[in-house]
There are 2 protein chains.
Amino acid sequence: MSTPERLIDSTRELLWERGYVGTSPKAILERAGAGQGSMYHHFKGKPDLALAAIRRTAEEMRATAEAVLDGPGTPYERIEAYLLRERDVLRGCPIGRLTMDPEVVASSELRAPVDQTLDWLRERLARIVEEGREQGQFAASLDGEEIAAAVLATVQGGYVLARASGSPAAFDTAVRGLLSLLAPHENHDRPA
Amino acid sequence: MSTPERLIDSTRELLWERGYVGTSPKAILERAGAGQGSMYHHFKGKPDLALAAIRRTAEEMRATAEAVLDGPGTPYERIEAYLLRERDVLRGCPIGRLTMDPEVVASSELRAPVDQTLDWLRERLARIVEEGREQGQFAASLDGEEIAAAVLATVQGGYVLARASGSPAAFDTAVRGLLSLLAPHENHDRPA
DNA sequence: GTCTATAGACGGATAGAC
DNA sequence: GTCTATCCGTCTATAGAC
């Protein structure tokens, strides 16, 4: 792998583990096995390298999610598959965790890929919910955007609960709770 | 206010804004208007001061939540009140954000108050859900612990979505979505 | 109790040799 | 392209005067 690639990879790992403020160029270089000169030759500095790393992570996450969301099954089943897909729960979300970083949030450049990724996910989920609503799988009273946001929030918040307790169990519990609320019943379209 | 109190307050603010790794003793001292000597006289060091600050924040959050959760209303209304209570959404959760901090998670001492606070909230919410289930306000098929975790996760994840987009709207959307799923219908106890 | 002085390591970046 | 040397400021903590 080329040196710039190794630098981006090391940065991605460290951003995931320690966030932007917690990651130093020195740590990146050590992990990548490169010297200072290499980094400043290929990148303008820490923010520039972080931007490349965040964009890469965002692309990858989007591709992973797309594979599940475009998969087979009813709308409910696809949302279920998204929620139950294997995750390294205790590591948290490599994109979501960046929203807790003051310097990422303060920089519109660094925040943009984070925002776009979560926004894309929300729209994608919202369309699936609408689809399920048209098919009568979900209650007509539900709103696609709202359910999509709740699904995404449950995932992001599930990571918080899991990391607080030091166990992935809390994530799974929250997801099961949401799924039990979302589960299709026989007569959603019954008149109130 | 005494010097130790001012130090704790400054630390609480900075932990909320920048997290543990992003907060330096120097910044704390500047905000508190104190010198190095004061801080190391009253506290053993940065971890010790942070622990005092986190404990204080945890206590306060618990008291705030308790006021809403022990308030009047049906179980659904109390959960609704908790979800809709006024929040400084873009600042995030002063307790939840600490779970994204590598040094907080790595220290069982610093993590303990975070874990305990979220755990307490979950149990408190779970009991309210169970209560609503017994009263027939919630479907018998729902699990108190699971719904409680989903409620908490929606809040924590709502902060993530809001901070990503730079607007509190996403938080509100997620909360509305969850409430629409949780809203009492007329016939939950109807046989499937 | 609070202050200043000092310490050694690290943060982020530049310069210039090879 | 990559390396080492160097820079100035900050990080966390200790020492010791007042």
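- Side-chain contact of R111(A) with S108(A): a donor-acceptor pair under 3.5 Å is absent, judged by distance alone.
- Base engagement by G37(B) is indicated by at least one non-hydrogen atom pair under 4.0 Å involving a base atom.
- Distances shown here put a side-chain N or O of S24(B) below 4.0 Å from the OP1 or OP2 atom of dC11(D).
- Dashed line: the shortest gap from a side-chain N or O of T3(B) to OP1 or OP2 of dG1(C) is not under 4.0 Å.
- Atom NZ in K26(B) sits roughly 19 Å away from atom P in dT14(D) (whole-Å rounding).
- dG12(C) atom P lies 16 Å from atom CZ of F43(A), rounded to whole Å.
- What separates OH of Y40(B) from P of dA15(D) is a distance of 12 Å, to the nearest Å.
- The residue T23(B) sits close only to the backbone: its heavy atoms come under 4.0 Å of sugar-phosphate atoms, none of a base.
- Nearer to the 5' terminus of DNA chain C, by closest-nucleotide assignment, is the contact made by S38(B) (compared with the other of Q36(A) and S38(B)).
- A cation-pi arrangement is found for K46(B) relative to Y20(B), the charged atom lying closer than 6.0 Å to the ring centre and inside a 45° cone about the ring normal.
- Set against dG1(D), dA13(D), dT2(C), the side chain of P47(B) has dA13(D) as its closest nucleotide.
- Between the CE atom of M1(A) and the P atom of dG1(D) there is a distance of 17 Å, rounded to whole Å.
- The CD1-P distance, from I28(A) to dG11(C), rounds to 10 Å in whole Å.
- Applying the 4.0 Å criterion to OP1 and OP2 of dC3(C), one finds that H41(B) has every side-chain N and O outside that range.
- A donor-acceptor contact under 3.5 angstrom links the side chains of T57(A) and R12(A), judged on distance only.
- Going from atom CE of M39(B) over to atom P of dC3(C) covers 13 Å, rounded to whole Å.
- In this entry the distance linking CD of E30(A) with P of dG11(C) reads 9 Å, nearest Å.
- Aromatic ring orientation, Y159(B) versus F171(B): tilted (interplanar angle from 30° to 60°).
- Separating the CG atom of L29(A) from the P atom of dT14(C) is a distance of 14 Å, rounded to the nearest angstrom.
- A donor-acceptor contact under 3.5 angstrom links the side chains of T74(A) and Q137(A), judged on distance only.
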